[in-house]
Amino acid sequence: MGGALRTRLRREQERRERSRIEGGLSRAVFRGFTEADGTPPWFVAETVRFRRTSTQPHHSTAEQCPEAVGAWVEELVEQGGFTGTVLVHVGFDGHAWLRCDRSRPGWARAVRDALGRWDLALLSSEGELLLVVSEEEYECVAFASTEAGRERRRAGKAS
């Protein structure tokens with residue numbers, strides 16, 4: 001199959017997926033998709049770091065019931081200092097982020113239901129805070145990072 005045909009097929013699949021996600025979220029939560037050029041340069045490096053088995057999660061739901069995960073994610077976002085809308089990474093070409101209003105309780109569960117999973121990468125609207133939630137076999141774990149924290153770690157390695 002040629003590269004141009006593969007690209008067209010991928011774009012059509014992403015268009016259908018965007019439509020499905022948009023249809024699965026209420027207007028109270030969904031605020032549109034955002035272009036990929038808003039992705040901070042440190043995002044990929046941090047998500048790769050979080051996937052290493054040597055990286056310990058900052059938070060875990062091991063002591064909570066599965067039904068409370070949505071409230072747990074919302075609490076982590078609040079405690080993390082997120083303001084305004086939250087960007088949820090969906091990874092589509094040109095539309096990498098889903099903008100969500102976090103002002104109403106239940107927004108995290110609505111996003112999870114629309115995406116079909118608890119594996120979420122949440123970025124603050126300013127692009128400075130990152131929260132990655134991963135669904136493991138018996139729990140969800142979360143990793144947090146800030147642009148400033150990444151710079152401090154990098155400076156510490158250079159010393």
Side-chain angles (χ1 to χ4, degrees), residues 14 17-18 21-22 24-136 138-159:
E14 288 180 358
E17 185 67 5
R18 281 193 315 267
I21 291 168
E22 186 175 352
L25 287 170
S26 73
R27 288 283 164 213
V29 173
F30 180 70
R31 294 291 185 251
F33 290 95
T34 300
E35 300 297 319
D37 59 4
T39 304
W42 55 276
F43 172 76
V44 172
E46 286 298 272
T47 55
V48 167
R49 183 174 71 87
F50 294 155
R51 288 189 179 101
R52 290 188 196 122
T53 57
S54 60
T55 304
Q56 293 296 312
H58 299 103
H59 310 278
S60 167
T61 61
E63 303 299 320
Q64 298 180 14
C65 65
E67 295 78 26
V69 174
W72 175 74
V73 170
E74 291 175 18
E75 183 180 324
L76 293 177
V77 165
E78 188 69 31
Q79 290 173 351
F82 284 68
T83 59
T85 58
V86 171
L87 303 176
V88 180
H89 191 255
V90 288
F92 300 140
D93 284 346
H95 299 92
W97 300 95
L98 173 68
R99 287 186 299 121
C100 296
D101 182 346
R102 58 177 208 70
S103 65
R104 288 188 170 86
W107 67 266
R109 182 65 192 210
V111 168
R112 182 261 181 249
D113 290 348
L115 296 179
R117 65 190 187 286
W118 273 120
D119 295 320
L120 304 173
L122 308 170
L123 185 69
S124 65
S125 56
E126 302 84 20
E128 296 175 356
L129 305 170
L130 175 65
L131 179 69
V132 175
V133 177
S134 295
E135 189 170 6
E136 302 296 329
Y138 298 108
E139 67 181 329
C140 285
V141 295
F143 303 88
S145 184
T146 64
E147 184 176 28
R150 177 168 160 66
E151 292 302 318
R152 280 193 303 273
R153 277 192 304 283
R154 191 168 34 197
K157 288 179 182 177
S159 312

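Counting begins at 1 with the first residue of the sequence. Since the model is a prediction, treat every value here as computed from it, not as a measurement.
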Please name the pair of heavy atoms, one in [X] and one in [Y], separated by the smallest distance, quoted to 0.1 Å.
X	Y	answer
Q56	T53	NE2-O, 4.5 Å
W42	T146	CH2-C, 4.1 Å
R49	S145	NH2-OG, 4.3 Å
A142	W72	CB-CH2, 3.6 Å
T83	E126	OG1-OE2, 2.9 Å
C100	R31	C-CG, 4.4 Å

Are any side-chain N or O atoms of [X] and backbone N or O atoms of [Y], one a donor and one an acceptor, separated by less than 3.5 Å?
X	Y	result
R102	F82	yes
E135	W118	yes
T61	C140	yes
H58	A144	yes

From [X] [atom1] over to [Y] [atom2], what is the distance, rounded to the nearest 0.5 angstrom?
X	Y	atom1	atom2	answer
D101	W107	CG	CH2	10.0 Å
F92	R18	CZ	CZ	7.0 Å
H59	E75	NE2	CD	9.5 Å

Min side-chain heavy-atom separation L115-V88 under 4.5 Å: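 Yes, side chains in contact.
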
Student check: side-chain heavy atoms of E46 and V132 closer than 4.5 Å: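 Counting from C-beta outward, E46 and V132 never come under 4.5 Å.
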
From L98, L131, L130, L87, residue fulfilling side-chain contact (heavy atoms from CB on, under 4.5 Å) relative to L122: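 Of the listed residues L98, L131, L130, L87, the side-chain contact (heavy atoms from CB on, under 4.5 Å) partner of L122 is L131.
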
Test log, rule salt bridge (Lys or Arg N to Asp or Glu O under 4.0 Å), inputs R27 and E22: CA-CA 9 Å; R27 288 283 164 213; E22 186 175 352; 3.1 Å; yes

No-hydrogen, no-angle side-chain donor-acceptor test under 3.5 Å, S60 and E136: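 Result is no, nothing qualifies.
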
T85 and R99 side chains, donor-acceptor separation under 3.5 Å: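 No - no donor-acceptor pair under 3.5 Å links their side chains.
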
Parallel, tilted or perpendicular: rings of F50 and F143 (30°, 60°):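 Plane angle under 30°, so parallel.
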
